[in-house]
Amino acid sequence: MSGESAGGLVLRDVAIDLDGEHLVRLDAAVNPGEVLTVMGPSGVGKSTLLAFVGGFLGRDFRARGRILLNGRDVTALPPERRGIGLLFQDALLLPHLSVAGNLLIGLTPSVKGRVARRQAVEAALAEVGLEGFSDRDPATLSGGQAARVALMRTLLARPEALVLDEPFSRLDVALRGQVRALVFEEARKYGLPVLLVTHDPEDARAAGGPIVELVPAG
Amino acid sequence: MASTHRREVELRDDRLGRHAGTLLRLFPMAALALLIVPVAAGLLGIALPAFGYLPALGGNTVSLEPFRMLLAMPGLFRSAFLSFSTGLLATALAFGVATLFVAAWRGTRLFRGLERLVSPLLSVPHAAAAFGLAFLIAPSGFLFRLGSLFLGFERPPDILIVQDRLGLAMVLGLVVKEIPFLFLMALAALPQARAAEMERMTAALGYGRIVGFIYAVLPALYRQLRLPVLAVLAFSTSVVDVALILGPTTPAPLAVRVIDWQHDADLSRHFVAAAGAVLQVGVTGAALLVWLAAERVMAFLCRALVYSGWRARRDAWVRRLASLAMTLSAATVLAGLCLLAFWSVAGWWRFPHVLPRGMTLATWMRLMQNFGMAFRDTLLLAGVSSLAATALALGVLEHAARFGSTGPGRALHALYVPLIAPQVAFLFGLQILFSFAGLDGTFAAVVLVHLVFVFPYVLLSLSDPWSAWDPRYALAVRALGHGRNAIFWRVRLPMLTRPVLVAAALGFAVSVALYLPTLLVGGGRWPTVTTEAVALASGGDPRLVGATALVQAALPFLGFLIAAMVPALFFRHRRAMLASA
């Protein structure tokens, strides 16, 4: 496959079993800036696949295959060393920190100095239309605002790929389209390969990339 | 026909229900009174004699004389400082090990293993654990006997390990007992802190496990751990039984000296004891203030670290250290229990011998002849107080379920009043008040004081399973025409048999292990296995200590065993009732 040399996220011959039963079979490559959508009914192993890519797979599972990220084999690495950013269903903002604090926890340590870090955070807020939100309590944000903060927290860590776990399912229908467009736009801007897991066909259509349908395997 | 019948039932039940409602209202009031009145009265009871007012002993005028006499006591400052420093050190170590272990190993096999060990470890009384530790680490103890195999020394080394001047053995004894308590409290608080999700989130941002936990989970976790931690701190700064067994003697920690003065034949020493108890309140209060200040500093430092984005990925050594400390602490308690058992049947067991030469039941025979009374009183006190505490807790919870609030809510904070007030201070005051009223040494007085300590644990243990019960069962049964009382007695209580019995067993365990309340308010008339065991601390008969302390450790265990077996027997044909076992 050419994905390896060109960079991006490659899932090569991934096979995950639970109790001797085949759960997930996948062989795919996601180019930088591209979105691969994985769909399927619940219980088909979508979240298992996500856990495998993110590095959180439980010990009960048996997984084979390799995960290559920009030519780097990350299969055996713990989650904190993979460079794969995750967005969850919930924003999971930390309630004891301000909005700026929640972004600072994301911002890569390679940006050094108090002033530079503050500026990076302010710029990130401006990028998603949240100027002046630095000192806000995350509990006072709307669902859409919290989702945007969570997105920027993930991007500020400078990941090399994004994995999205039904990140729009908790948003109102009206907001969903906006946030979805923003996430894909940002991913394209930073040239990130995106793995999107969803059961919403609208998500898949908006992503505009290849779609893989997981089917219950026997 | 059927409908008139049902209406009649409803009417009758409603009348009964309202009547029961007024009765039920008494439970939360009684509980609140139980938690607050003895502590408040006890503190008042020492404040008066501390300022010279105790007419029974001829103190009719208010003066500072007791404090002047207290300050003249040799080594007073050292005693006070010992209580302060050992308490803070023990609490910090126990809290550090318990939280680091949770941070480093949550969700692993090792974690689940220690999760299963925590309840048995928690049920070991402080005194038994302390005796076991002494048998393990003393110069003539098991570790040095093992060491002599390799290093070849024939006599115990001439160093002071147990009862060392800095109180380090005592700190160790407190740490190994408080770790399981804080670990259990952390386990209960983890789901609410959304630990699993937060861990994934920080890991995906590139954070090492420990730092990720400290940033994202600990703030929410600590909010729930705070009162238990403060209770540990207050207990550790004023502990008496562990201090008598493992603590320094020249001078002893403050709480021990207060008890000594109080038992002094020279009655004027009573005033000194009262002043000392007031000082103890000050020492414990100072330790609490230092801890609260340290909380602020730590929160500030953590925030600075969060803002810097430091990932701290190389934390493998911290994780290993945390698992080592946790397993060593558990192993210490378990090894100590084994040594108690060995000593209780040991024949001739001279120093370098690792195992006793010969076994004998002589010690147990002796125990049965002399301690029958203490054994009976222990069972009686623990049985009555745990039953009363369970009934009270059920009443409080049922009241909360019927009248508005879903749980006891903020009133739960009151549970910590007797756990945070220094025992030696308010119990001594209570004893003075009881003796005024001529009630000291009565069974009722001792049970009442046991209840003060037993009830909080019973309620804490019961409130989670109680509120986890699916209220739709109640709706379904009400729709069939049954009243609230019927629901309580015939549905909720039977369905919650297991947690109710576990709570009662916990109360039993707490009561068995109580030393100071039995000693002070019982006035020596209610010797229990615990008071007898601690009294042996200075005697130096290791066989008798081993046997007595083993009985002390076995009794709580027995309670939990019964709590596990009764539902298994009753519900042996009801699979759903056993599923959660």
Side-chain angles (χ1 to χ4, degrees), chain A residues 47 50-51 53-60 77-98 100-118 120-121 134 150 152-165, chain B residues 103-113 191-226 295-296 298-316 318-319:
Chain A
S47 43
L50 271 192
V53 176
F56 304 106
L57 200 62
R59 295 179 67 149
D60 313 336
L77 292 180
E80 65 268 24
R81 291 179 195 273
R82 295 193 172 200
I84 295 177
L86 272 159
L87 270 185
F88 305 89
Q89 285 182 4
D90 290 316
L92 290 181
L93 298 182
L94 297 178
H96 58 283
L97 298 176
S98 64
N102 270 284
L103 291 174
L104 282 167
I105 202 175
L107 181 60
T108 169
S110 62
V111 176
K112 291 189 197 311
R114 245 175 66 90
V115 180
R117 291 183 69 80
R118 272 281 165 185
V121 162
S134 284
M152 291 324 284
R153 177 178 63 188
T154 300
L155 291 177
L156 283 171
R158 307 260 168 89
E160 294 174 53
L162 269 189
V163 171
L164 312 179
D165 181 9
Chain B
W105 297 96
R106 204 198 62 76
T108 63
R109 202 170 293 179
L110 174 71
F111 192 82
R112 282 190 290 276
Q192 240 177 311
R194 307 183 75 176
E197 292 157 282
M198 290 300 187
E199 268 170 27
R200 284 182 168 214
M201 187 270 287
T202 53
L205 290 176
Y207 283 91
R209 217 183 143 107
I210 303 228
V211 160
F213 181 92
I214 292 174
Y215 290 172
V217 184
L218 191 56
L221 189 70
Y222 187 72
R223 221 168 300 142
Q224 310 215 31
L225 268 184
R226 194 171 190 207
E295 273 177 8
R296 297 277 167 91
M298 294 305 274
F300 176 79
L301 288 178
C302 275
R303 199 158 305 157
L305 275 180
V306 171
Y307 291 170
S308 79
W310 181 52
R311 263 32 177 193
R313 284 184 206 159
R314 290 167 191 267
D315 60 4
V318 186
R319 295 188 62 193

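We name chains A, B, ... by the order of the sequence lines, and we start the count at 1 in each one.
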> Roughly how far, to the nearest 0.5 Å, is CG of A:Leu97 from OH of B:Tyr307?
Replying inline: 5.5 Å

> Measuring from B:Arg303:CZ to A:Ile105:CD1, what's the distance to the nearest 0.5 Å?
Replying inline: 11.5 Å

> Between A:Gly101 and B:Val306, which heavy-atom pair has the shortest distance, and what is it?
Replying inline: O-CG1, 4.3 Å

> Does any N or O in the side chain of A:Arg81 come within less than 3.5 Å of the main-chain N or O of B:Gly206, such that one atom is a donor and the other an acceptor?
Replying inline: no

>> Rounded at 0.5 Å granularity, tell me how far OG1 in A:Thr108 sits from CZ in B:Arg311.
In response: 6.0 Å

> Is B:Arg313 atom CZ crowded by more than 12 heavy atoms from other residues, nucleotides or ligands, each under 6.0 Å away?
Replying inline: yes

>> Less than 4.5 Å to any heavy atom of chain B: does that hold for the side chain of A:Phe56, its backbone, both, or neither?
In response: both

> Distance from A:Arg59 atom CZ to B:Thr108 atom OG1, nearest 0.5 Å?
Replying inline: 8.5 Å

> Is the backbone of B:Tyr215 close enough, under 3.5 Å, to the side chain of A:His96 for a donor and an acceptor to pair up by distance?
Replying inline: yes

> Is the count of non-hydrogen atoms from other residues, nucleotides or ligands lying under 6.0 Å from B:Gln192 atom CD greater than 12?
Replying inline: no

>> If you apply the rule side-chain contact (heavy atoms from CB on, under 4.5 Å), what do you find for B:Thr202 with A:Glu80, and how did you get there?
In response: CA-CA 8 Å; B:Thr202 53; A:Glu80 65 268 24; over 6 Å; no

>> Let me confirm one number: the CE-OG1 distance from B:Met201 to A:Thr154, rounded to the nearest 0.5 Å.
In response: 8.5 Å

>> As an exercise: rank A:Lys112, A:Arg118, A:Arg82, A:Arg153 by heavy-atom pairs under 4.5 Å with chain B and give me the winner.
In response: A:Arg153

> How many angstroms lie between atom OG of B:Ser308 and atom CZ of A:Arg117, to the nearest 0.5 angstrom?
Replying inline: 6.0 Å

> Given a strict heavy-atom distance threshold of 4.5 Å, which part of A:Leu86 is in contact with chain B: side chain, backbone, both, or neither?
Replying inline: both

> If you count heavy-atom pairs under 4.5 Å with chain A, which of B:Ala204, B:Ala299, B:Gly107, B:Gly208 comes out on top?
Replying inline: B:Ala204

>> Can you confirm whether A:Leu92 sits close enough to B:Arg200 that some side-chain heavy atom of one is under 4.5 Å from a side-chain heavy atom of the other?
In response: no

> A:Val111, A:Leu94, A:Ile84, A:Leu156: which one forms the most heavy-atom pairs within less than 4.5 Å of chain B?
Replying inline: A:Leu94

